[in-house]
Amino acid sequence: MKVPLRWLNEFVDTGLPLKDLTHRLTMAGLEAEKITAIGDEWDNIYVGHVEAVEPHPDADRLVLATVDAGEHRLRVVTGAPNIAQDQMVALALAGARLIDGHADGQVYRTLKPSAIRGIRSEGMVCSEKELGISEEHEGIMVLEADAPKGAPLADWLGDTVIEFEITPNLVHNFSILGIAREAGALTDRPVSHPLIFDFAAAPSGPSDLVTVEAADICPRYIGVRIEHIAIAPSPAWMQRRLLAAGVRPISSIVDITNYVMLEYGQPLHAFDADKLTDGRIVVRRARPGETLETLDHQIRQLDGQMLVIADAENPVGLAGVIGGLDSEIHDGTTRIILESANFDMKVTRRTARELKLRTEASARFERGLDPNLSRDAAARATRLILDLCPGATVSGFIDVYPNPLEPRPMSMPFSEIERLLGVRYEPAQVLDVLRRLGFSPELDGEGNDATLRVTIPTWRGDVTQAADMVEEVARVIGYAALPERLPSGETAPVQRDSAYAMRRAVRSVLAGSGAWETVTYVTVSDDDLRRLDPNGEQTAGVHPVSWDALIRLRNPLHADRDILRPTLLPSLLAIASDNLKHERGVRLFETARIYLPSDEELPREVNTLALVLAGERAPLDRFEAGASSPLDVFDVKGMVEALLPRLGVSGTQFERIESPALHPGRAVGLFVKDELIGIIGELRPDRAEAFAIETPRVAVAEIDLDALQSVANPIPRDVSAPRFLPVEQDFAIVVAEETPGGDVEAALLAGAGPLATGITLFDIYRGPQIGDNRKSLAFRVTFTAPDRALTDAELGKVRDRIARTLRQRVAGELRT
Amino acid sequence: MMTDAQATIDDMRARAETELGAAGTMDDLTAWERAYLGAQGEVTLFLRGLASLPANQRPIAGRGGNALKNELTAAWEARRVVLSAADLQQRLANDAVDVTLPGRQPILGASHPVSRMIDELSEIFALMGFQTVFGPEVETAHYNFDVLNIPKDHPARDVWDTFYVDLPGEIVLRTHTSPMQGRVMERQDPPVRVVVPGRVYRYEAQDASHEWMLHQLEGLAVDRNITLADLKGVLSEMARQLFGPDRRTRFRCDFFPFVEPGVDFAVDCAICGGAGCRVCKGTGWLEMGGAGMVHPNVLRNVGYDPDVYSGFAFGLGIERLIMMRSGVDDIRAFAANDLRFLRQFARAA
Ligand SMILES: [Zn+2]
């Protein structure tokens with residue numbers, strides 16, 4: 001809410017400099033978000049008196065005005081249609097910085113004396129736009145007759161506008177007076193009130209002027225009928241305040257309702273009484289099928305949960321939200337009904353949301369307004385109308401308020417303050433704070449048993465229990481005054497999150513393996529998923545999901561990206577593609593959740609790891625001359641193979657798989673028993689192209705970390721320091737070309753038994769010595785026994801067993 | 001005959017000494033040793049041949065020959081020390097490289113700055129007795145709002161622009177990590193001390209300071225006698241651990257429906273020292289998050305008695321903390337994952 005400081009100062013004099021005032025308010029919960037000065041640009045601009053206006057000898061549309069500003073008396077040439085003798089105006093002298101009235105936006109120009117059609121103009125009479133007050137540039141700004149001639153314009157019109165953030169609980173501060181009351185309480189200064197009309201002096205009735213049929217959602221309705229009104233522009237001072245507060249002036253009656261809303265926080269509405277059937281107001285729920293054309297020229301479909309203001313027949317306004325177009329005040333309006341009412345916060349909020357129509361009025365009602373505000377606001381507006389429209393009279397007044405809201409008493413242990421704040425305040429200090437805030441506090445008893453009794457004013461709907469009262473005390477004394485300490489007492493039962501520990505281990509191992517962690521968006525589009533598999537009935541990835549079972553957002557930020565991703569791969573591939581625009585090779589990974597359909601209320605969120613490797617394996621350096629070879633399936637598989645033992649995982653198997661996104665000859669699955677928990681391989685080239693990745697190969701993996709976690713072994717209990725030297729032996733095994741190398745290694749290890757503690761494949765040979773369609777795999781096996789040095793005889797037996805096993809399992813022959 | 005043996009010895013000595021003096025390399029020395037002292041060496045063979053000499057010459061030849069062997073062995077040893085030192089010198093000289101050239105670097109990656117900040121906070125809070133727990137990202141409105149004293153049809157809900165998930169019931173992408181307050185308190189009795197890091201989602205347009213997917217870290221402590229002073233202590237300690245021991249914190253009143261009293265906390269800007277700069281938008285303070293004493297309605301909602309137990313809660317924006325500490329000026333950089341950005345966070349300690 002924008003608060004012009006001069007307006008605020010009308011009601012409270014805090015004696016504080018601006019900076020201190022805004023600091024106090026901010027610390028106490030009313031944050032001053034922005035402070036802007038009106039008029040600090042106005043050097044060399046003064047209040048001037050137009051002494052004479054003469055026609056320009058050579059131009060019909062221009063006049064020569066003689067303007068007296070005390071020390072400066074100038075003749076200026078102007079084309080302003082509204083200039084007239086005896087006006088008080090803003091006179092800019094040479095050197096003044098003004099906004100160019102003809103330019104779009106705010107273009108500043110420094111004023112220089114110039115000749116216009118042969119006549120020298122020494123200065124300029126300014127429009128509102130030229131001064132930065134509004135967009136108005138049709139004519140010059142005319143000041144009040146009592147503006148002090150010769151005074152710098154900034155002294156007369158300058159102001160400071162403080163913009164406060166009004167949090168949802170602060171409806172009582174959503175007004176100039178509300179903020180004045182808060183400032184007065186914080187600084188212990190009195191707050192004065194504006195002049196208001198006395199309804200006791202007005203005729204009461206007629207009784208059918210207002211009928212409230214929906215009293216359950218309209219606690220109060222005041223209707224004031226005022227006649228003999230002549231619509232005119234509101235006075236300059238009012239327009240300026242409205243502008244400073246961010247409200248566009250329209251005409252006297254509308255401006256007054258807005259002015260009082262800003263001043264009191266009570267939204268008001270004025271109906272043209274002659275447009276109301278039977279000249280009466282009925283407050284009721286909308287009827288099915290009813291419509292209303294609102295002030296913004298929209299035709300609104302109403303429903304039975306909406307509260308409307310109607311005349312004898314039709315809706316003429318949406319209660320607390322917006323008025324109807326038909327009953328709008330217009331230039332010919334002479335009789336009005338002024339509404340100052342209280343509407344249910346939930347109903348107002350629902351209507352505003354349903355119609356996507358947030359207004360200044362609805363913003364206040366939906367926070368829960370004090371019904372006791374309505375009468376003073378109505379009286380203030382009535383007073384302003386009578387003051388500003390000579391001849392206007394009040395011809396009717398109805399206040400429907402069947403159940404007046406009373407201040408509520410509340411009591412609480414005084415010790416509650418110390419229990420929640422951790423500090424004991426003197427009772428006198430607490431009572432003083434609460435008195436200033438209007439809570440009329442009293443203390444019964446002494447010490448820890450004392451009871452604090454307060455009366456909660458009706459405008460403090462946000463205060464309902466002891467904790468609220470404690471906040472009132474704390475915020476006024478200031479949070480800075482509270483001590484700081486660390487919590488003492490019992491600790492909660494200690495539990496470590498093992499999944500978090502595992503993710504940290506994954507990140508640490510992969511970072512050590514050269515991969516960079518990414519954090520990517522959780523939504524993907526149908527197209528993103530189709531890039532991995534253009535035709536499938538299920539999505540690609542470690543956990544395929546049927547297309548019709550995908551979990552989608554109802555209100556995505558980007559209409560096409562509405563899917564909560566069932567796989568991390570598309571997001572990570574997009575990041576790889578972006579980075580490859582400036583990197584020769586990337587190793588990227590992410591650990592994040594994928595979202596799978598489930599039978600529960602919420603989707604199944606699975607902690608998942610994805611890897612993408614593409615481009616050159618090693619950076620260009622002097623050690624390996626020439627271009628590096630491209631990262632491929634063995635890079636990503638090797639990374640996974642290195643990772644598994646570091647996570648305590650053993651007993652997983654790699655098997656060839658087919659997966660829609662993966663190259664059929666370069667895809668392998670990670671299995672626990674028969675369950676697939678990871679896919680590893682190279683993207684099919686056409687899929688890579690769909691992600692605009694141009695490297696020859698794109699190696700990817702996606703692994704279910706939760707599944708991995710479930711098969712991680714406990715910490716081993718048989719760790720010993722080795723005391724005997726290992727023995728290394730090489731085995732060259734000839735098998736048929738189509739025999740998978742993994743099977744050969746498994747057979748070799750099975751034959752070797754527990755003495756084999758390490759195995760490395762170090763060569764694959766094909767050639768004439770071996771024969772067609774055969775290959776020789778060379779392994780180096782490390783043998784170790786924990787309790788003895790191995791003998792040749794022992795190893796000889798092992799070698800025999802290996803030869804036997806290889807023959808049986810993979811039809812392999814040991815070469816010697 | 002006597003002169004024969006002596007002459008032979010003298011002759012061997014003369015040749016051996018000359019040749020040893022000429023041996024310039026370890027190879028020369030090895031050859032010399034083989035020639036004189038090796039198994040087939042001249043001196044060895046001479047001594048081996050003593051038996052075939054006439055008896056009267058044997059003592060002289062034996063003494064002379066053994067003395068020669070000892071002399072030559074000592075000379076050989078002296079020469080070997082000299083030559084091996086020279087040889088080592090030569091090898092070292094030949095092996096020299098230009099050590100100002102770059103070394104062979106291992107290829108290393110790094111965790112994302114968001115993960116690192118979460119790890120760091122988790123460690124800091126663990127030292128203060130907080131356990132790290134995680135909760136669902138797709139959440140019921142019940143836990144995301146209702147339990148937290150944010151009723152439907154209340155304007156407080158508007159503070160959180162929410163993504164709704166197309167599932168039966170009212171399911172949302174959690175707008176904050178606070179729903180875990182309810183879940184944690186429902187499954188355990190006080191004392192409670194947890195932090196909850198994770199992703200949160202806000203339905204709002206992106207710009208340099210707004211992002212629809214963010215990370216938060218929620219803190220919650222509930223017990224008898226937990227006070228606002230404890231909250232201030234914990235948050236100030238966290239700020240000093242993160243930003244340095246000289247940092248000052250500022251606590252002011254603010255509104256969040258699930259706390260009362262409510263707190264907004266800020267740290268003085270380390271970049272300008274509080275004088276005002278671009279990062280702190282001229283205020284000298286950087287807002288770190290919202291906090292407060294757990295609202296009695298929230299305690300009631302999870303079955304805790306607010307007259308017996310009290311607690312505090314706070315929420316930290318992870319990206320915001322990194323931006324504050326490292327001067328990052330565009331929040332979108334975190335999800336863009338440009339390696340040139342990530343590399344700047346590569347330091348491991
Ligand atoms: Zn700064």
Side-chain angles (χ1 to χ4, degrees), chain A residues 26-29 167-169 346 349-350 366-367 419-423 465 467-468 470-471 474-475 479-480 482-487 489-492 495 497 500 504 507 510-512 514-522 551-555 557 575 579 583 587 593 595 601-603 605 623, chain B residues 104 107-112 114-115 119 128-129 131-134 136-138 140 153 155-156 159 163-167 169 171 191-193 199 203 212-213 221 223 225-230 232-234 236-237 251-255 260-263 293 295-296 310 334-335 337-339 342:
Chain A
T26 297
M27 296 303 282
T167 51
N169 59 323
K346 288 187 177 172
R349 177 178 153 82
R350 185 187 164 277
E366 69 174 38
R367 292 169 198 229
R419 188 174 77 96
L420 293 180
L421 298 183
V423 66
Q465 47 193 316
D468 301 324
V470 172
E471 178 179 271
R475 73 185 186 87
Y479 289 178
L482 293 170
E484 291 187 4
R485 59 170 168 260
L486 292 180
E490 219 181 311
T491 22
Q495 280 173 333
D497 187 292
Y500 179 40
R504 290 179 78 155
R507 286 197 270 117
L510 293 180
W516 291 82
E517 190 193 15
T518 65
V519 171
T520 67
Y521 295 117
V522 295
I551 297 161
R552 293 178 190 262
L553 295 178
R554 289 196 175 139
N555 57 334
L557 204 55
I575 297 296
N579 272 296
E583 304 286 331
R587 291 174 173 84
R593 304 192 187 164
Y595 310 87
E601 186 178 26
L602 295 176
E605 299 181 17
F623 300 110
Chain B
R104 283 187 187 84
I107 298 177
L108 293 176
S111 285
H112 193 276
V114 163
S115 298
D119 292 348
M128 295 191 266
Q131 299 174 20
T132 305
V133 299
F134 294 83
E137 291 170 17
V138 182
T140 61
D153 293 327
V159 176
F163 285 106
Y164 292 89
V165 180
D166 193 9
L167 286 172
I171 308 296
V192 171
R193 245 184 249 184
R199 297 183 191 218
Y203 183 81
W212 67 268
M213 183 184 83
D223 199 356
N225 303 316
I226 294 280
T227 69
L228 198 53
D230 297 316
K232 283 187 67 177
V234 165
S236 291
E237 191 53 49
F251 296 81
R252 70 170 191 88
C253 183
D254 201 354
F255 171 76
E260 188 78 9
V263 175
M293 299 301 292
H295 198 287
S310 54
F334 293 102
N337 295 293
D338 188 317
L339 283 167
L342 298 180

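What you see is a predicted model; the values in this text were computed from it and never measured. Every chain is numbered from 1 and lettered A, B, ... according to where its sequence line falls, protein lines coming before strand lines.
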Applying a strict 4.5 Å limit to non-hydrogen atoms, the region of A:Gln495 in contact with chain B is both
Max heavy-atom pairs within cutoff under 4.5 Å with chain A, candidates B:Ser310, B:Gly233, B:Ser236, goes to B:Gly233
The interface call for A:Glu366 against chain B, heavy-atom contacts under 4.5 Å, is both
Between the CD atom in B:Gln131 and the OG1 atom in A:Thr491, the distance rounded to the nearest 0.5 Å is 8.5 Å
Bottom line for B:Phe334: the part with an atom under 4.5 Å from chain A's heavy atoms is backbone
Applying a strict 4.5 Å limit to non-hydrogen atoms, the region of B:Asp223 in contact with chain A is side chain
Rounded to the nearest 0.5 angstrom, the CG-CG distance for A:Leu420 and B:Asn225 is 10.0 Å
Honestly, the part of A:Glu601 sitting under 4.5 Å from a heavy atom of chain B is both
Honestly, the part of A:Asn579 sitting under 4.5 Å from a heavy atom of chain B is side chain
If you tally heavy-atom pairs under 4.5 Å between each of B:Leu342, B:Asp254, B:Asp230, B:Leu167 and chain A, the highest tally belongs to B:Asp230
Of the listed B:Glu237, B:Arg199, B:His295, B:Met293, the one with the largest count of heavy-atom pairs under 4.5 Å with chain A is B:Arg199
Between B:Pro261 and A:Tyr479, the two heavy atoms sitting closest are CB-OH, 3.4 Å
Per-residue tally against chain A (heavy atom, under 4.5 Å) across B:Gly129, B:Pro296, B:Ala221 peaks at B:Pro296
Honestly, the part of A:Arg419 sitting under 4.5 Å from a heavy atom of chain B is both
Honestly, the part of B:Ile171 sitting under 4.5 Å from a heavy atom of chain A is side chain
Greatest number of non-hydrogen atom pairs under 4.5 angstrom with chain A, of B:Val234, B:Val192, B:Ile107, falls to B:Ile107
CZ (B:Phe251) and CD (A:Glu484) are apart, to the nearest 0.5 Å, by 5.5 Å
Whatever's closer than 4.5 Å to a heavy atom in chain B on A:Val519 counts as both
